[in-house]
Amino acid sequence: MSKVRVRFAPSPTGPLHIGGVRTALFNYLFAKQQGGDMILRIEDTDQGRFVPGAEQYIVDALTWAGIQFDEGTHVGGPCAPYRQSDRKAMYRQYADQLIAAGHAYYAFDTTEELEAMRETLKAGGMAAQYDAVSRMNMKNSLTLPEDEVKRRIDAGEPYVIRIKLPRKEEVRFHDLIRGWVVVQTSAMDDKVLFKSDGMPTYHLANVVDDYTMKITHVIRGEEWLPSAPLHVMLYKFFGWEEVMPKFAHLPLILKPDGNGKLSKRDGDRLGFPVFALEWKDPATGEISSGYREKGYEPEAVVNMLALLGWHTSDNRELFSMDELIQLFSIEKISKNGAKFDPEKAKWFNHQHLMMKDPKGIAQELAPGIAAMGYTASEDYLCKVVEMVREKVNFKHEIAEKSQYFFDMPKQYDEQAVQKKWTAQAAGFLKQFAEALQAHTASDATTIEALFKQMATDAQISPGALMQPLRLCLSGEAGGPPLFELLVVLGVEQSIQRIQKSIDILAQKLN
């Protein structure tokens with residue numbers, strides 16, 4: 001059995017949609033699980049849609065996601081070059097080979113003539129396509145005398161090369177996700193294989209490149225399924241059927257409501273990214289948000305994307321990249337589209353944030369904390385991270401929501417003060433601060449026991465006093481476990497905060 005070789009072959013026409021990242025991911029997982037190679041090929045045959053910076057953006061986005069390539073435009077390899085515009089010279093020989101074998105022909109039709117043909121077919125209730133029937137009424141090397149064809153070519157008249165499909169033939173191939181696919185050539189176009197600008201179309205370049213790069217599996221989006229029968233015919237015409245790759249067409253990523261394919265407009269409308277990295281359109285200057293800039297962990301995005309259309313037998317949800325590689329199988333990919341859930345994306349990020357080493361997060365946050373004017377040891381920052389990350393979805397929110405760990409509260413939650421701050425609570429907390437001063441306890445369990453015993457002795461429900469204590473310590477109505485917070489702040493600091501808060505909030509009782 002030949003070594004598994006897969007490719008991700010995007011066009012540099014703009015930013016990489018997360019659907020494209022998922023396609024690359026599924027290729028990567030399959031290749032690595034099979035001990036195979038992953039190739040990045042840039043398909044830029046449509047020069048009119050080329051966008052400066054898009055190719056580098058694609059490489060950067062996939063690198064951020066942790067998708068590594070064995071060969072490609074940025075790493076080289078034995079099948080270089082990996083950019084189709086750099087392979088331009090080789091495609092013409094394959095187009096000529098098809099013409100010589102009678103499987104392709106020259107077509108000289110103008111844009112106006114093609115449009116007139118389509119309108120005529122539509123008016124007659126027929127499919128508006130250039131096929132085995134309609135081609136016999138057009139200007140091409142099947143209808144023109146041989147000397148006329150030569151004269152036109154020698155004169156430099158524009159032409160394209162089209163595939164010559166049989167009028168009635170069944171095209172069959174097995175898709176690893178969808179099973180057997182059967183199409184009649186009578187329902188297919190004689191697609192252009194070689195354009196008048198000297199560049200091959202996607203169809204010819206795609207098949208030639210997959211063959212010459214020894215690709216064994218083509219794993220791509222569902223939108224390419226209609227093109228697969230044409231590609232199968234090209235493999236047949238070239239005599240490459242024995243080495244034709246196996247196809248797997250992935251389901252779409254759907255809008256959150258499930259109604260249609262997820263688009264940039266959905267992200268703009270609902271406030272979530274649809275691109276891996278932020279993208280600035282070089283033509284308009286418009287900026288589109290990215291998962292990286294929004295604070296998502298790349299591991300979380302990979303985990304989320306893997307479960308859009310794929311699952312394990314036990315419906316487990318949390319995976320590392322290594323675990324995905326170990327468990328991935330094409331057989332577990334669904335035929336049906338997968339709805340994108342922006343709230344679930346945040347959940348994945350929270351879960352992966354909880355799994356990360358607190359020390360690593362603390363080191364990343366340290367410069368930002370210092371820029372806010374606070375100094376803290378790495379050990380203290382680790383404790384802050386461990387306490388605050390349970391309540392946030394993103395790393396940057398830890399710094400935003402933890403200022404009270406570094407400074408006494410500057411303000412207090414007004415609603416909580418109005419509901420919970422009473423003269424009785426203030427009196428109790430004054431006594432509690434005095435008891436803490438005299439007590440030797442320094443662990444959360446002992447301090448909590450002291451607090452509850454004092455409340456019981458004072459015939460006050462401990463629950464009625466906890467939020468007032470939290471207000472003193474943080475100014476917030478909610479947050480991490482209360483007595484663990486007190487211990488992290490330190491007993492002395494906590495006593496100072498209680499005493500200062502009692503003085504500040506005394507005016508609220510007047």
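When a residue number appears, it is its place in the shown sequence, counting from 1. Heavy atoms only: backbone and side chains are in, while hydrogens, waters and symmetry mates are out.
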- Query: Between the main-chain N or O of A248 and the side-chain N or O of R178, is there a donor-acceptor pair closer than 3.5 Å?
  - Reply: no
- Message: Under the criterion salt bridge (Lys or Arg N to Asp or Glu O under 4.0 Å), I'd like the reasoning laid out for E286 against K264: C-alpha separation, chi angles, the key distance, then a yes or no.
- Response: CA-CA 12 Å; E286 179 187 4; K264 176 183 177 297; 3.0 Å; yes
- Q437 and E492 side chains, donor-acceptor separation under 3.5 Å: yes
- Would you say the side-chain atoms of R497 pair up with the backbone N or O of L473, donor to acceptor, closer than 3.5 Å? yes
- Message: Give me the atom names and distance for the closest heavy-atom approach of V302 to L25.
- Response: O-CD2, 3.6 Å
- Can D210 and R41 be counted as an ion pair, charged N to O under 4.0 angstrom? yes
- Task: May I ask you to decide whether R292 forms a salt bridge with D60, counting only side-chain N to carboxylate O separations under 4.0 Å?
- Result: no
- Message: Tell me whether Q467 contacts the main-chain N or O of A464 through its side chain, where contact means a donor paired with an acceptor under 3.5 Å.
- Response: no
- Note on the structure: Only one of M213, K214, R7 passes side-chain contact (heavy atoms from CB on, under 4.5 Å) with C79, and that residue is M213
- Salt bridge or not for E386 and K383, using N-O below 4.0 Å? no
- Query: Counting N and O atoms only, with roles assigned by atom type, does the side chain of Q496 sit under 3.5 Å from a partner on the main chain of Q493, one being a donor and the other an acceptor?
  - Reply: no
- Would you call R470-E476 a salt bridge at under 4.0 Å N-O? no
- Look only at the side chain of S11 and the backbone of E43, and say whether a donor-acceptor pair between them is shorter than 3.5 Å. yes
- Item | K359/E378 salt bridge by N-O under 4.0 Å criterion | yes
- Look at the side chain of T23 and the backbone N and O of G19, then say whether any donor-acceptor pair between them is shorter than 3.5 Å. yes
- Message: Which residue is it: F319, W310, Y28? I am looking for the one with a ring pair (Phe, Tyr, Trp, His ring centres under 6.0 Å) to F328.
- Response: W310
- Task: Considering only NZ, NE, NH1 and NH2 on the basic side and carboxylate oxygens on the acidic side, decide whether D266 and R269 come within less than 4.0 Å.
- Result: yes
- Answer yes when D86 and R83 have at least one side-chain N-carboxylate O distance shorter than 4.0 Å, and no when they do not. yes
- Query: Does a donor on one side chain and an acceptor on the other come within less than 3.5 Å for N393 and E397?
  - Reply: no
- Message: Can you tell me if K294 has over 12 outside heavy atoms packed within less than 6.0 Å of its NZ?
- Response: no
- Message: For the backbone of F8 and the side chain of N27, can you confirm whether one donor and one acceptor N or O come within less than 3.5 Å of each other?
- Response: no
- Task: Flag yes if more than 12 heavy atoms outside R316 fall under 6.0 Å of its CZ atom; otherwise flag no.
- Result: yes
- Query: Is it true that E299 and K356 have a side-chain N and a carboxylate O under 4.0 angstrom from each other?
  - Reply: yes
